[in-house]
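Heads up: the structure comes next, in structure tokens.
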Amino acid sequence: MDNQILADYLESVVEKEVVSMLAPLVQKIVREYILFDRKTATDSVGLSESKFDELRKLPQIALVEHKLPNNNKVLFVPEELKRAIYSILE
């Protein structure tokens, strides 16, 4: 019984360590290759940052904002963001 408790404890410690080591790498991959941050989003849609910030107040843009766990940075799926902006500009 003591061995099982020790094994469970070690498993939880290892799991927490692996998550803490991999989380920054996963966030970097997501930011750089899957989702856009604010600067990349403004560049991709060809808007100035001030105009983009004005548009972010609209519900169409708010609906496509994403946040990663343990991170306050707002990210966007490129195609969702483009569709939202085009729907506003029409």
Side-chain angles (χ1 to χ4, degrees):
M1 176 108 177
D2 290 333
N3 288 340
Q4 183 61 39
I5 294 171
L6 180 60
D8 291 343
Y9 172 74
L10 290 175
E11 183 178 337
S12 68
V13 169
V14 168
E15 181 180 342
K16 288 177 186 174
E17 186 67 23
V18 168
V19 167
S20 70
M21 290 172 56
L22 293 180
L25 297 173
V26 170
Q27 289 179 1
K28 181 178 179 183
I29 289 169
V30 167
R31 272 196 316 269
E32 292 183 9
Y33 300 104
I34 300 172
L35 299 175
F36 286 170
D37 62 359
R38 179 176 168 265
K39 178 156 179 35
T40 309
T42 57
D43 293 342
S44 74
V45 294
L47 295 172
S48 67
E49 290 185 12
S50 60
K51 182 64 175 174
F52 184 75
D53 288 339
E54 288 177 26
L55 292 176
R56 278 185 65 189
K57 297 174 186 171
L58 299 173
Q60 293 96 322
I61 304 297
L63 288 172
V64 297
E65 291 181 350
H66 300 277
K67 290 187 179 179
L68 295 176
N70 303 324
N71 191 345
N72 291 329
K73 196 171 195 178
V74 175
L75 301 171
F76 303 92
V77 174
E79 291 306 314
E80 289 177 356
L81 178 64
K82 289 177 184 177
R83 277 193 302 253
I85 288 179
Y86 293 146
S87 73
I88 292 168
L89 298 177
E90 287 179 347

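Residues: numbered from 1 along the sequence shown. Given the structure is predicted, the values throughout are model-derived calculations rather than measurements.
- Counting heavy atoms from C-beta outward, Lys67 and Val74 have side chains that approach closer than 4.5 Å.
- Note that the CG atom of Leu81 and the OG1 atom of Thr40 stand 11.0 Å from one another [nearest 0.5 Å].
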Please set out all donor-acceptor pairs under 3.5 angstrom arising from side-chain atoms of residues 57-65, sequence neighbours excluded.
{"from": "Glu65", "atom 1": "OE2", "to": "Arg56", "atom 2": "NE", "distance (Å)": "3.1"}
{"from": "Glu65", "atom 1": "OE2", "to": "Arg56", "atom 2": "NH2", "distance (Å)": "3.4"}

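- Take Ser50 and apply the side chain to side chain donor-acceptor pair (under 3.5 Å) test, not counting sequence neighbours, and it matches Ser48.
- Remark: Lys39 pairs with Asp37, Asp43, Glu49 by the side-chain contact (heavy atoms from CB on, under 4.5 Å) rule, at least two apart or across chains.
- The ring-ring contact (aromatic ring centres under 6.0 Å, His included) analysis of residues 49-86, with sequence neighbours excluded, yields the pairs Phe52-Phe76.
- Here the shortest heavy-atom pairing between Ser44 and Ala41 reads OG-O, 2.9 Å.
- The side-chain heavy atoms of Lys82 and Val45, taken from C-beta on, include a pair separated by under 4.5 Å.
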Kindly list each side-chain donor-acceptor pair under 3.5 angstrom involving residues 8-18, sequence neighbours excluded, with atom names and distances?
{"from": "Asp8", "atom 1": "OD1", "to": "Gln4", "atom 2": "NE2", "distance (Å)": "2.9"}
{"from": "Asp8", "atom 1": "OD2", "to": "Gln4", "atom 2": "NE2", "distance (Å)": "3.4"}
{"from": "Ser12", "atom 1": "OG", "to": "Tyr9", "atom 2": "O", "distance (Å)": "2.7"}

